[in-house]
Amino acid sequence: MSPSSTSLIRKGISLKPFNSFGIEAKTAFWAELTEESDLFRLQETDTFQKLQRQILGGGSNILITRDYPGLMLKIRIPGITVISEDDREVVLSIGAGVEWDELVRFTTQRGWGGLENLSMIPGETGAAPIQNIGAYGVELESVFISLDAVQLETGEKTTFDREMCRFGYRDSIFKRSHKGKYLITNVTLRLSKQPRLRLDYGNLKAVLDSEGVRNPDISDVSRAVRKIRSSKLPDPAVTGNAGSFFKNPVITSDQFRKLSELHSAIPSYPAGDMVKIPAAWLIDQCGFKGKRVGDAGVHEHHALILVNHGNASGADILALADDIRSEVAGRFGVALEPEVNIL
Ligand code: EPU
């Protein structure tokens with residue numbers, strides 16, 4: 001083991017500053033990676049070879065319920081590079097550690113379209129493909145070209161194109177068969193200089209109209225999305241949270257017909273030949289919005305966001321989530337799946 005590789009590893013680090021729920025927990029070992037070669041150096045160490053490992057991006061989509069006994073790998077790979085550019089489009093290569101919203105600002109300021117609806121999503125670029133982040137009618141996959149990843153066990157490098165990633169709603173191969181097996185180092189995206197705006201989702205168009213914006217550009221859309229998000233989603237710097245805690249359930253149209261006979265006000269969105277229903281509505285109907293159990297709570301403005309009012313443990317938040325799941329299952333017969341990763 002070389003001295004340089006051991007010096008990357010630190011012991012007994014508090015994870016509180018590194019998870020947006022602001023949960024206090026410790027990791028036995030910790031290493032920060034600023035370039036791909038750091039991983040190769042780490043792979044030579046006993047700590048890496050003998051212990052379990054967990055990759056941490058922005059920590060904005062994780063609920064930590066215990067101290068972690070292994071090695072946590074914090075990704076800090078920087079850089080936004082233009083790979084190619086013409087009159088119509090620009091291809092960017094982005095380091096996995098680049099803050100997602102820093103990338104969104106970088107591109108929207110230049111009038112490059114594709115990420116404006118994804119403004120203000122917390123987290124890092126390397127984590128974005130894992131759950132195919134989405135908001136206001138746009139998902140990452142619509143701008144995605146490829147990502148570079150290194151297999152943790154073997155060190156083998158692979159470039160995954162869009163098809164290989166098997167994107168779905170808040171889903172990819174990295175949440176399934178490849179879960180925890182690869183470290184994503186770099187993401188390549190294609191943005192448009194002649195963007196087609198997506199304004200059809202929710203109240204995006206209404207917000208622009210209310211501002212008197214008739215012919216919105218990329219910056220207008222980004223600003224409107226920021227306005228909507230700030231009005232209903234809590235700022236993790238103030239109140240710990242990880243965005244939507246559950247996925248919106250997707251059910252068959254037959255199931256939906258039966259549900260809507262009983263609950264005529266139930267909202268829905270088409271999802272291929274299935275129907276997506278807002279988990280927030282189901283949770284809200286069960287009376288959880290604004291509810292608080294100790295320091296674990298449900299946000300007062302949005303029923304899908306679980307919050308840490310101060311000193312909740314991961315187990316406290318999880319207990320509340322379990323309560324919500326069983327109430328929703330009992331009342332609507334619908335199973336809620338967590339969207340956040342539970343450690
Ligand atoms: N609703 C309620 N009560 C509430 C909040 C919402 O009944 O307290 C109902 C309303 O009918 C509303 C519907 O739920 O129209 C949907 O709410 P919203 O538009 O806020 O969107 P969402 O389905 O809850 C999804 C994403 C968000 C994303 C927004 C906007 C998921 C799991 N969540 O939320 O993503 O920002 O749409 O596109 O798909 C995240 O993934 O962390 C996240 C915040």
Side-chain angles (χ1 to χ4, degrees), residues 19-21 57-63 100-101 104 115-124 127-142 167-172 175 198-207 221-222 224-236 239-251 259-260 263-271 274-291 297-307 321 324-325 327-328 331-332 334-342:
N19 74 99
S20 63
F21 259 121
S60 56
N61 202 43
I62 189 169
L63 177 66
W100 176 259
D101 202 39
V104 174
L115 306 186
E116 57 280 4
N117 294 43
L118 305 176
S119 295
M120 234 178 126
I121 295 182
E124 289 169 6
I130 297 179
Q131 56 153 345
N132 187 20
I133 57 170
Y136 303 99
V138 173
E139 288 181 320
L140 176 82
E141 68 169 307
S142 64
F167 290 122
Y169 164 59
R170 293 295 193 281
D171 198 31
S172 75
K175 285 189 100 171
R198 284 290 310 267
L199 308 175
D200 47 325
Y201 185 98
N203 55 347
L204 195 45
K205 180 88 173 50
V207 168
V221 177
S222 178
V225 168
R226 288 174 194 281
K227 195 167 172 180
I228 299 169
R229 290 188 74 101
S230 316
S231 72
K232 60 180 178 186
L233 305 181
D235 177 356
T239 309
N241 77 89
S244 298
F245 193 89
F246 298 103
K247 290 194 203 185
N248 286 330
V250 178
I251 59 178
L259 257 182
S260 55
H263 311 276
S264 57
I266 190 169
S268 65
Y269 316 104
M274 309 278 278
V275 181
K276 195 189 277 183
I277 47 179
W281 188 86
L282 302 172
I283 298 168
D284 203 344
Q285 294 297 304
C286 292
F288 279 101
K289 189 143 97 181
K291 191 174 170 182
V298 178
H299 186 48
E300 55 180 341
H301 300 312
H302 204 298
L304 196 49
I305 319 278
L306 300 197
V307 294
I324 292 172
R325 281 174 95 165
E327 284 277 342
V328 167
R331 178 137 176 214
F332 297 102
V334 174
L336 292 183
E337 295 284 336
E339 202 243 299
V340 301
N341 297 299
I342 295 170

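As the structure lists them, so they are numbered: ligands from 1, and atoms in each ligand from 1.
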Report the part of [X] (side chain from C-beta onward, or backbone N, CA, C, O) that has a heavy atom under 4.0 Å from ligand 1; answer both or neither where that applies.
X	result
Ser244	both
Phe246	backbone
Ala303	both

Which protein heavy atom lies closest to [atom], and at what distance to 0.1 Å?
atom	answer
atom 22 (P) of ligand 1	Asn248 ND2, 4.0 Å
atom 7 (O) of ligand 1	Trp281 CA, 3.2 Å
atom 2 (C) of ligand 1	Asp284 OD2, 3.6 Å
atom 14 (O) of ligand 1	Pro278 CB, 3.2 Å

Exercise. State which residues pass side-chain hydrogen bond (donor to acceptor under 3.5 Å, both in side chains) with Ser119; sequence neighbours excluded, sorted by chain then number.
Key: Ser222
Quiz item: Side-chain contact, heavy-atom cut-off 4.5 Å: Val298 with Leu306?
Solution: yes
Quiz item: With Lys205, which residues qualify under salt bridge (charged side-chain N to carboxylate O under 4.0 Å, His left out), at least two apart?
Solution: Asp209
Quiz item: Is Lys247 close to ligand 1, meaning an N/O of one under 3.5 Å from an N/O of the other?
Solution: no
Quiz item: Parallel, tilted or perpendicular: which fits the ring planes of Phe332 and His263, with parallel below 30° and perpendicular above 60°?
Solution: tilted
